[in-house]
Enquirer: 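Submitted below is the structure of interest, expressed as structure tokens.
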Amino acid sequence: MAKEIPDLVVEARAGTGKGAARQARREGKVPGIVYGDGKEPQPIQVEFNSLLTKLRAGRFLSTLWNLKVEGQEDVRVVCRGVQRDVVKDLPTHIDFMRLHRDTRVNLFIHVTFENHEASPGLKRGGTLVVVRPEVELEVTASEIPDHITVDLTGKQIGDSIHINDIVLPNGTKPTIDRNFVIANIAAPSGLRSEDNAEAAEGAEA
């Protein structure tokens, strides 16, 4: 299933240079530029409050955006830089790069878990501890998965699920080159207390 690409509405900006950028800021906009994919750079501006909300929500630079400019075709972009005021830490300029369908890009993809009822560990009262609710993957711009799936069938208390245990969609791979943990099945608190007590008794003996 393809990942839904969020819209980012911007305006075309007339003129370039410091004067035009200052004018945009006076109007409550953040000036920016869209470049790449063999096309001419395009000056744009983004509504300040809308941009600030998205920046504070996180993952802005690792999200693929559907850039919408009135009167133009939508284009897929990723943010390649946000300049900020050194004192107020607020955005003053933003750069976007256009992506071709075959462009490879790093994005955070949501992890879903299925077949909870088929996990003996969860049936015994164990708890699913999610270490990474999202995983950064290198994907193709035209085939971004909506999520990756962890099958909990047969998982026991004490089991860990690593990235290598997951069947990833074709054309995707982790950006981290090691077999990191996605989640584990932890013992219920009562069982952990019993184990701790037994360990303490063994130490005393």
Side-chain angles (χ1 to χ4, degrees), residues 2-111 130-148 163 169 171-178 180:
K3 182 179 180 66
E4 183 177 349
I5 302 171
D7 289 338
L8 182 64
V9 179
V10 304
E11 302 171 7
R13 177 165 55 95
T16 57
K18 294 183 178 180
R22 282 196 294 266
Q23 179 62 32
R25 295 185 190 106
R26 281 195 294 267
E27 295 174 356
K29 309 291 174 62
V30 178
I33 197 83
V34 183
Y35 63 89
D37 199 20
K39 301 174 183 176
E40 287 293 317
Q42 178 184 8
I44 57 154
Q45 56 191 25
V46 191
E47 203 277 323
F48 176 84
N49 289 330
S50 173
L51 176 61
L52 190 61
T53 298
K54 289 179 171 63
L55 287 171
R56 287 176 172 170
R59 306 287 195 222
F60 190 89
L61 271 71
S62 59
T63 297
L64 178 66
W65 298 97
N66 183 47
L67 196 75
K68 301 180 77 70
V69 181
E70 186 175 356
Q72 300 181 21
E73 289 187 3
D74 294 358
V75 60
R76 292 181 177 182
V77 300
V78 288
C79 179
R80 278 295 176 252
V82 180
Q83 296 176 26
R84 296 175 181 269
D85 183 282
V86 294
V87 176
K88 299 179 181 178
D89 194 36
L90 297 175
T92 59
H93 192 277
I94 190 162
D95 295 337
F96 292 101
M97 184 176 72
R98 301 183 190 97
L99 296 182
H100 189 268
R101 287 179 58 83
D102 297 329
T103 303
R104 303 284 291 175
V105 62
N106 296 347
L107 297 175
F108 282 89
I109 304 299
H110 181 67
V111 181
V130 179
V131 178
R132 292 178 184 262
E134 295 178 314
V135 174
E136 189 177 27
L137 300 177
E138 181 185 303
V139 301
T140 305
S142 61
E143 298 180 5
I144 300 171
D146 180 64
H147 61 271
I148 58 175
I163 186 64
T172 69
K173 66 178 183 179
T175 60
I176 300 174
D177 190 23
R178 60 181 171 81
F180 54 85

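Quantities reported herein were computed from a predicted structural model and do not represent experimental measurements.
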Enquirer: Side chains of Val135 and Phe180, heavy atoms from C-beta outward: is any pair under 4.5 Å?
Expert: yes
Enquirer: Quick one: are Pro169 and Glu143 in side-chain contact, heavy atoms under 4.5 Å?
Expert: no
Enquirer: What's the verdict on side chain to side chain contact (heavy atoms under 4.5 Å, CB included) for Ile144 and Leu107, showing C-alpha distance, side-chain angles and the deciding distance?
Expert: CA-CA 9 Å; Ile144 300 171; Leu107 297 175; 3.6 Å; yes
Enquirer: Look up atom NE2 in His147 and atom CD1 in Ile109, then write down how far apart they are to the nearest 0.5 Å.
Expert: 10.5 Å
Enquirer: Could you give the distance from CD1 (Ile44) to CG (Asp95), rounded to the nearest 0.5 Å?
Expert: 9.0 Å
Enquirer: Counting N and O atoms only, with roles assigned by atom type, does the side chain of Ser50 sit under 3.5 Å from a partner on the main chain of Glu47, one being a donor and the other an acceptor?
Expert: no
Enquirer: Can you list everything that forms a side chain to side chain contact (heavy atoms under 4.5 Å, CB included) with Leu90? Sequence neighbours excluded, please.
Expert: Phe48, Leu52, Arg56, Lys88
Enquirer: Hey, mind stepping through Leu61 and Val78 against side chain to side chain contact (heavy atoms under 4.5 Å, CB included) and telling me if it holds?
Expert: CA-CA 7 Å; Leu61 271 71; Val78 288; over 6 Å; no
Enquirer: Measure across Val87 and Asp85 and return the closest heavy-atom pair with its distance rounded to 0.1 Å.
Expert: N-OD1, 2.8 Å
Enquirer: Nearest 0.5 Å please: distance from the CG atom of Leu8 over to the CG atom of Asn66.
Expert: 9.0 Å
Enquirer: Considering only heavy atoms from C-beta outward, does the side chain of Arg25 approach that of Thr92 to under 4.5 Å?
Expert: yes
Enquirer: Between Val30 and His93, which heavy-atom pair has the shortest distance, and what is it?
Expert: CG1-N, 3.7 Å
Enquirer: Under 4.5 Å between any side-chain heavy atoms of Gln45 and Glu27, yes or no?
Expert: yes
Enquirer: Under 4.5 Å between any side-chain heavy atoms of Val69 and Gln42, yes or no?
Expert: yes
Enquirer: Hey, does Leu137 have a side-chain heavy atom less than 4.5 Å from the side chain of Ile148?
Expert: yes
Enquirer: What do you reckon, is CG of Asp7 surrounded by more than 12 foreign heavy atoms closer than 6.0 Å?
Expert: yes
Enquirer: What are the two closest non-hydrogen atoms of Val77 and Leu64, and how far apart are they?
Expert: O-CD1, 3.5 Å
Enquirer: Looking only at heavy atoms, what is the nearest atom pair of Trp65 and Ile5, with distance?
Expert: C-CG2, 3.7 Å
Enquirer: Considering all heavy atoms of both residues, which atom of Thr140 and which atom of Gly171 are nearest to each other, and what is their separation?
Expert: OG1-O, 4.1 Å
Enquirer: So does Gln72 have more than 12 non-hydrogen atoms from other groups sitting under 6.0 Å from CD?
Expert: yes
Enquirer: Counting C-beta onward and ignoring hydrogens, is there a side-chain heavy-atom pair between Phe96 and Val75 closer than 4.5 Å?
Expert: no
Enquirer: Distance from Ile33 atom CD1 to Arg80 atom CZ, nearest 0.5 Å?
Expert: 16.0 Å
Enquirer: Is there a donor-acceptor contact under 3.5 Å from the side chain of Arg76 to the main chain of Ala141?
Expert: yes
Enquirer: A side-chain contact here means heavy atoms from C-beta on lying under 4.5 Å apart; do Met97 and Leu99 qualify?
Expert: yes
Enquirer: What closest approach, in Å, do Gly36 and Arg98 show between heavy atoms, and which atom pair accounts for it?
Expert: O-NH1, 2.9 Å
Enquirer: First locate atom CD1 of Ile176, then atom CD of Glu138, and finally report the distance between them rounded to the nearest 0.5 Å.
Expert: 13.0 Å
